[in-house]
Protein chains: 2
Amino acid sequence: MSFYSDDVWKAELNARGYRSTPQRQKILNIFQTLTQGNHLSAEDLHDLLKNDGERISLSTVYRTLHLLVYMGLLRELELAEGHKHYELNRPMRDHHHHLVCVQCGQTLEFQEANIDRIGQGQADSSGYHVLDCQLMLYGICSDCRSRNTAPTAPN
Amino acid sequence: MSFYSDDVWKAELNARGYRSTPQRQKILNIFQTLTQGNHLSAEDLHDLLKNDGERISLSTVYRTLHLLVYMGLLRELELAEGHKHYELNRPMRDHHHHLVCVQCGQTLEFQEANIDRIGQGQADSSGYHVLDCQLMLYGICSDCRSRNTAPTAPN
DNA sequence: ATGGGTGCAAACTGTTTGCAATCTG
DNA sequence: CAGATTGCAAACAGTTTGCACCCAT
């Protein structure tokens with residue numbers, strides 16, 4: 001299920017002028033072994049590493065996340081929580097989209113190859129190299145709608 | 001070009017237990033007269049109001065933006081700048097999507113009715129009431145790609 | 001040995017909140 | 001008049017940055 005072995009990724013990093021470090025290897029591995037559909041915040045990832053007994057600072061976590069997004073290996077998700085989440089970017093397969101309830105934060109995932117196709121087409125015709133393509137649907141789930149019979153204040 | 005006249009919106013607010021205030025009216029009007037394709041951050045909006053001689057606090061701007069998103073009148077955009085932008089939500093017409101270059105931040109808009117149709121279908125079958133549907137494409141524009149012959153560091 | 005990477009702590013930015021005063025219905 | 005809304009200032013969360021030390025290449 002791994003896309004990059006440690007040394008292939010090391011080569012990839014070196015080719016771009018970056019260096020392979022234990023922290024970077026460890027972080028990529030966490031994402032590569034993460035169950036499909038899970039996503040981590042910077043804080044989540046930091047805790048996870050700490051619990052694993054790793055010695056790593058939150059700054060390095062942030063710096064590595066940026067690097068991985070920049071290299072196209074991770075995708076950055078803006079869900080309902082107010083902070084970013086990250087997951088492995090699987091451009092061709094298992095690529096999915098998100099449906100978020102703006103009231104309770106419930107998040108559903110779904111796949112839809114047509115969207116990726118359309119997005120790819122748009123990017124091509126604009127000369128962009130696609131790193132990520134996400135359809136974000138924001139709405140109100142049926143539970144919240146039924147709970148809303150009485151007018152409620154946002155927040 | 002206005003969707004809500006001041007008193008129709010007042011009625012809408014009252015029907016939901018909210019009150020119409022000069023600040024809220026003013027903010028909605030700004031968005032309703034904003035040129036299609038423009039979007040404002042909370043700060044932008046606050047400056048705009050201040051320059052117009054309005055007396056309004058940044059907190060109220062934030063609170064009103066939340067309310068408008070919650071009511072489905074605005075859509076919240078996560079572009080490349082690190083803070084949120086808002087624009088009028090035009091569900092049926094002029095609805096568009098964004099293509100963002102993660103390196104230079106250049107943003108292109110495009111329309112694609114099929115996406116909205118697919119999104120709507122997904123939401124329906126999950127029991128969601130859609131407030132917003134946005135396809136976000138993140139990539140690297142051709143200018144940045146050609147500028148990238150030498151490896152560059154992120155940030 | 002060179003210069004990229006890390007950890008730490010401090011700074012920063014955008015956003016939220018508590019509270020007293022004010023305005024709307 | 002009751003209760004929703006505002007402005008202010010202080011608090012907050014997540015993220016970024018400067019710098020001295022460390023480690024890959």
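Below, all heavy atoms of this structure are taken into account, side chains as well, without hydrogens, waters or symmetry copies. Note on naming: letters A, B, ... go to the chains in the order of the sequence lines (proteins, then strands), and numbering restarts at 1 for each one.
- The aromatic rings of B/H85 and B/H39 sit tilted relative to each other, their planes meeting at an angle between 30° and 60°.
- The salt bridge (charged side-chain N to carboxylate O under 4.0 Å, His left out) analysis of residues 101-112 of chain B, with sequence neighbours excluded, yields no pairs.
- Rounded to whole angstrom, the span from the CD atom of A/E12 across to the P atom of D/dA24 amounts to 20 Å.
- For residues 3-13 of chain B, the salt bridge (charged side-chain N to carboxylate O under 4.0 Å, His left out) pairs, not counting sequence neighbours, are B/E12-B/R16.
- For A/I27 and C/dG5, the CD1 to C1' distance is 12 Å, given to the nearest whole Å.
- For B/D52, the side chain to side chain contact (heavy atoms under 4.5 Å, CB included) test picks out B/K26, B/E54, with sequence neighbours left out.
- Note: CG (A/L13) to C1' (D/dC23) measures 15 Å, nearest angstrom.
- Residues A/L108 and A/Q106 form a side-chain contact, since some pair of their non-hydrogen atoms from C-beta on lies under 4.5 Å apart.
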message: What does the B/S/- profile of nucleotides 1-8 of chain D look like, 5' to 3', with a 4.0 Å heavy-atom cutoff to protein?
response: --BSSBBB
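- A/K26 has its NZ atom 14 Å from the P atom of C/dG7, to the nearest Å.
- A heavy-atom distance below 4.5 Å is found between the side chains of A/L28 and A/W9.
- When the ring pair (Phe, Tyr, Trp, His ring centres under 6.0 Å) test is applied to A/Y86, no partner is found at least two apart in sequence or on another chain.
- Pairs of residues two or more places apart, or lying in two chains, that qualify as salt bridge (charged side-chain N to carboxylate O under 4.0 Å, His left out) and include a residue from residues 121-132 of chain A are A/R75-A/D132.
- Sorted by first and then second residue, the salt bridge (charged side-chain N to carboxylate O under 4.0 Å, His left out) pairs involving residues 27-49 of chain A (not counting sequence neighbours) form an empty list.
- Legend: residues meeting side chain to side chain contact (heavy atoms under 4.5 Å, CB included) with B/L34, ordered by chain and number and at least two apart, are B/F31, B/N38, B/L40.
- Put simply, CG on B/D6 is 14 Å from P on C/dT24, counting in whole angstrom units.
- Along DNA chain C, the nucleotide nearest to B/S41 and the one nearest to A/P22 differ in position, and the one closer to the 5' end is contacted by A/P22.
- Residues forming a side chain to side chain contact (heavy atoms under 4.5 Å, CB included) with B/T60 (at least two apart in sequence, or on another chain): B/Q23, B/I56, B/S57, B/R63, B/T64.
- The phosphate of C/dT24 (OP1 or OP2) has no side-chain N or O of B/K10 nearer than 4.0 angstrom.
- With rounding to whole Å, A/L65 atom CG is found 15 Å from C/dT6 atom C1'.
- OP1 or OP2 of D/dT25 lies within a sub-4.0 Å distance of a side-chain N or O belonging to A/N14.
- The separation between B/K84 atom NZ and C/dT16 atom P is 7 Å, rounded to whole Å.
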Write out a two-atom table: protein N or O, nucleotide N or O from nucleotides 11-13 of chain C, distance below 3.5 Å.
none

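- Put simply, A/H66 has a side-chain N or O that comes within less than 4.0 Å of OP1 or OP2 on D/dT16.
- Using a 4.0 Å cut-off, some side-chain N or O of B/Y62 falls inside it from OP1 or OP2 of C/dT15.
- Under the side chain to side chain donor-acceptor pair (under 3.5 Å) criterion, A/H46 pairs with no residue at all, not counting sequence neighbours.
- Where DNA chain C pairs in unbroken runs of 3 or more (Watson-Crick or G-U, both distances under 3.5 Å), the stems are C:1-10 with D:16-25, C:12-14 with D:12-14, C:16-25 with D:1-10.
- The separation between A/L49 atom CG and C/dG7 atom C1' is 14 Å, rounded to whole Å.
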